[in-house]
There are 2 protein chains.
Amino acid sequence: MSARADRPGSGPATIIDVAEAAGVSRQTVTRAMNDMPGIKEATKERVLAAAKELAYRPSRFGRGLVGHTQRTVGLVVDDLMNPYYPQLASAVVSSARDRGWNVVLAQTAKAADQYTLIADLAKQADVVVGYPALTDNQAQEVLAGVPFVRIDMGEYTYGGGIQMDVGDAMGAMADHLLERGSRRPVLLDVGLPGFPSARGKSFLAAMSARGVQVPTVSAATKSLSSGVAGANALLEAHPDVDAIMTFNDIVACGALKALHEAGVDVPGQVRLAGCDGLNLGRFVSPELTTLAVDMGAVAEAAVGMALAMYAGEVPLQGARTQVAHHLLVRAST
Amino acid sequence: MSARADRPGSGPATIIDVAEAAGVSRQTVTRAMNDMPGIKEATKERVLAAAKELAYRPSRFGRGLVGHTQRTVGLVVDDLMNPYYPQLASAVVSSARDRGWNVVLAQTAKAADQYTLIADLAKQADVVVGYPALTDNQAQEVLAGVPFVRIDMGEYTYGGGIQMDVGDAMGAMADHLLERGSRRPVLLDVGLPGFPSARGKSFLAAMSARGVQVPTVSAATKSLSSGVAGANALLEAHPDVDAIMTFNDIVACGALKALHEAGVDVPGQVRLAGCDGLNLGRFVSPELTTLAVDMGAVAEAAVGMALAMYAGEVPLQGARTQVAHHLLVRAST
DNA sequence: TTGAAAGCGCTAACAA
DNA sequence: TTGTTAGCGCTTTCAA
C-alpha cells in the first residue's frame, strides 16, 4: 500500500494508467510529459491533469532503458567527516554535473564490508572514481569492466589514475622555510617510525639536497589527535625546533593546537606547514601554509578520464594524469 | 565506438550476446550472473567466461525495471565546502546505506540553475532530502509527488520536515555563560542589523529571561570572513565584552581568528561560543564550545521519514520531527 | 494531431 | 538442469 498509488493495491501509476485516465494513448502521455511538439495544448493539459491526479512519476528505469542517457559516476571516499574528502566530493559533483552526469556517493569508513559496498556501487554506476580501500586485485574483481579512476594513485596500478606528486612543491617548501630563516626543521610524519611516507621522504630529500639533515618524529595516524600527540613528542625530542613540516593539514592543525597550548608562538618561534591545501587551514589562527592541490583540477581530470574511458576514447588500463601541488604561503610560516 | 563493446558498432554487450556466446538461454545467463541455484557449475563457468570476454555488465535499468529494488535518495546540500554539509551528508549516506538505499548528491551553490538541478535530481531519486534553496511553491512544483523532507525546516511548510529547535539548549548556554562569570555578553548574529535570526532571538530571549540585556552586532553573512569582520566591529563597539555568542561555528571560528589577532585571550578575557556542533570546532585552539546537533539523529530522522513517506506509511505533507540541540562545553568558554 | 507497433535489457514463473 | 514465455514502463519509429 503506497501513498503514491491512488489506485490502491496496484502500485505506483504507470504511463498506461495515465493514458486510460486521460482517454489517450501512451505516446500522447509521453508527449505531454516531455514537452514534445505535436500535441494539442488542450490534450496536453488534460493529460497533465490526469498525471497529477494519479501522482504519476515516469519510471527512471523505463526511461533509462530506452533512452541511453542517464549516466552516473560512483564516487568512493573514505569518510566525509575527514575535511579532505568533502573538498574532493564537492569538485567531483560539480565536474560531473557540468557534463550531465549524476554522482552516487559511497563512504567506506563507516561500512561494515567495503568489498560489498563497492561491488554494489559498481552496479549502480557507469564509472567509479575515488579512493576505494581495495588492493589492485580486489578492485579488479569487484569492478571488472567498470571504468575506474583512482585518485592519488600512489603504488596502485589497476585502472586509470590521478597522480598527485608533491615533489616539486616540496622543493619550494624547503626553499621557503630556509628563506624564512629556519635552521632546525623537523618532519612530523605519520606511520611507524622508520617507515617514512612518500611525502615525508620527499621533504627529507628536498632538505637534504639543500644541505639540511632533518630529523623525523612520527604521529601514529593522520588524525587531529595524533597530530597533537605527535607535536608534543616532537617538542620534547627537539626543543630547539624552529619549523615543523607535517604530513598533512589535519596533522598540522593538531600540531598547531599542541604548540598553542605549549605557549609556543607560530610562526614567531616555530614555523608550521601542512599539506593538501584544505580549506580548513584558513579556519585556524594563524592560517596554515601548505602544499595545496587544486581539487577542481583533480576532479576534472578524474571525471574526464573516467568518462573518456567509458566512451572508449581511453583504455581501461594505464591512463595517468599528473596534478602538481603548489606552495601556498599563508600566515603560519 | 565503446571500449566496452567487444562487438564494434553494436554498443555494450547485452544478456543476449552473452547467451549466444555461451550457447545458452538468457535465463541461464541470469542464473550465472546472480549466483542463483539450479545451474551446473560447468555451465556457470562457461557463461561467466563469456560474460567476461564480452565485458558484459547487466544493465541497471533492465534490472530496475523488473525487480523493484533499486532505491535512491536524492540529497540536496548547499555547498560541501561549507563544513556543515559534509557532516550531514556523511550521516545521510550512512543511514541510507543501512537501509539499502543509494544516495545521489546535488550541490546547489555551484549550480547555474537550482530549479533545474533539483528537478533533475527528483527524476533520479525516489525521495529527496536536504536543503533545497527553493520556496515552498517552487518545491511543490519541482518535486510534485516525490516524497520530500526538508532539514532544518524553519518557516517552510511543504513536505515533511526536521525541525531543529535551539531554544532549550540556548537556555543552557545562557546559564553556562553566566555561571562562568560573564556579565557583558554580546551576540554576534548574521544578517541585516535589526533583523535578528531565529537563533539570535532565542539567545537574546534566554538572556533577557535571566535579567541580562544583550547587545547585538551583525556579521554580513554566515562566512568565516564575515565572522572576522563582525568580531572586529564587535570589539570596537563593545570593548568591554566578556563573552560572545555567535550565529554558528563558522562565524565563531572567524571571531576566534579576530580575537587571536587582536591579542585577546579566549576564554581568559572573552568567552566564545558557536552553534551547530561542527567537528571543525575541535580543530581550532581553544576548541569551541557550541550548541551541537546530533547529525546522526538528524539523518536518521530525515531518511527514516522520507522512506516512510515513500512506503505510504506517512503522508507526504505535514510530518515533523524535532531534533534538539544540546550544550557542548569545550575549551573556549 | 494522434495512435499502433516494436523494442530497450532484464528476471520471474512456468514448462520441458 | 535448462529453456520458453511473458512482461516490467518507457520512447522511438511509423502509420493513420
Side-chain angles (χ1 to χ4, degrees), chain A residues 2 4-7 9-48 50-51 54-72 123-126 145, chain B residues 2 4-5 7 9-48 50-51 54-71 122-124 126 145:
Chain A
S2 162
R4 298 158 62 238
D6 284 9
R7 307 151 307 111
S10 13
T14 73
I15 196 172
I16 295 192
D17 300 319
V18 178
E20 283 174 0
V24 298
S25 70
R26 320 187 268 184
Q27 294 61 33
T28 300
V29 176
T30 289
R31 292 189 184 102
M33 295 302 296
N34 298 348
D35 277 324
M36 294 166 69
I39 180 174
K40 199 161 53 179
E41 189 60 28
T43 315
K44 184 171 177 178
E45 278 168 18
R46 189 153 43 92
V47 171
L48 259 29
L54 294 174
Y56 168 64
R57 301 190 54 206
S59 151
R60 65 174 178 282
F61 298 114
R63 252 186 192 158
L65 204 47
V66 55
H68 264 216
T69 187
Q70 288 186 33
R71 327 240 92 137
T72 85
K123 283 179 191 149
Q124 317 293 349
D126 299 295
Chain B
S2 163
R4 298 159 61 236
R7 306 152 307 111
S10 15
T14 73
I15 196 171
I16 295 191
D17 301 319
V18 177
E20 283 173 359
V24 297
S25 71
R26 314 186 272 182
Q27 189 50 37
T28 299
V29 176
T30 288
R31 293 190 182 102
M33 295 302 296
N34 299 347
D35 277 323
M36 293 166 69
I39 179 174
K40 198 161 55 178
E41 190 59 29
T43 315
K44 183 170 176 177
E45 277 168 20
R46 188 154 43 92
V47 170
L48 259 26
L54 295 173
Y56 168 64
R57 300 190 54 208
S59 151
R60 66 176 177 281
F61 298 113
R63 257 189 188 153
L65 204 48
V66 54
H68 263 215
T69 187
Q70 288 187 35
R71 327 241 92 138
K123 283 179 191 148
Q124 317 292 350
D126 299 294

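Letters A, B, ... mirror the listed sequences (proteins, then strands); counts begin at 1.
- Pairing each heavy atom of A/V47 with each of A/A32, the nearest pair is CG1-CB, 3.6 Å.
- With sequence neighbours excluded, no residue forms a side-chain hydrogen bond (donor to acceptor under 3.5 Å, both in side chains) with B/R26.
- Take B/S59 and apply the side chain to side chain contact (heavy atoms under 4.5 Å, CB included) test, not counting sequence neighbours, and it matches A/L65, B/F61.
- When the side-chain hydrogen bond (donor to acceptor under 3.5 Å, both in side chains) test is applied to A/S25, the partners found at least two apart in sequence or on another chain are A/Q27, A/T28.
- Taking both residues in full, the closest heavy atoms of A/A125 and A/T72 are given as CA-OG1, 3.4 Å, listed atom of the first, atom of the second, then distance.
- When the salt bridge (Lys or Arg N to Asp or Glu O under 4.0 Å) test is applied to B/R46, no partner is found at least two apart in sequence or on another chain.
- Listed by chain and number, the residues in a side chain to side chain contact (heavy atoms under 4.5 Å, CB included) with B/A21 are B/A50, B/L54 (sequence neighbours excluded).
- The C1' atoms of five pairs define one axis at each end of the helix from C/dT1-D/dA16 to C/dA16-D/dT1, and these two axes lie 40° apart (to 10°).
- Note on B/S25: every side-chain N or O is 4.0 Å or more away from OP1 and OP2 of D/dT2.
- When all heavy atoms of A/Y56 and A/T14 are compared, the pair lying nearest together is CE1-C, 3.5 Å.
- Identified under the salt bridge (Lys or Arg N to Asp or Glu O under 4.0 Å) test for residues 31-41 of chain B, with sequence neighbours left out: B/D35-B/K44.
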**OP:** For nucleotides 8-16 of chain D, just jot down a letter per nucleotide in 5' to 3' order: B, S or -, based on protein non-hydrogen atoms under 4.0 Å.
**Re:** BBBBB----
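- Residues that satisfy the side-chain hydrogen bond (donor to acceptor under 3.5 Å, both in side chains) test with A/Q70, not counting sequence neighbours, are absent from this structure.
- Protein chain B contacts DNA chain C over a range whose 5' and 3' limits, counting nucleotides with an atom under 4.0 angstrom from a non-hydrogen atom, are C/dG9 to C/dA13.
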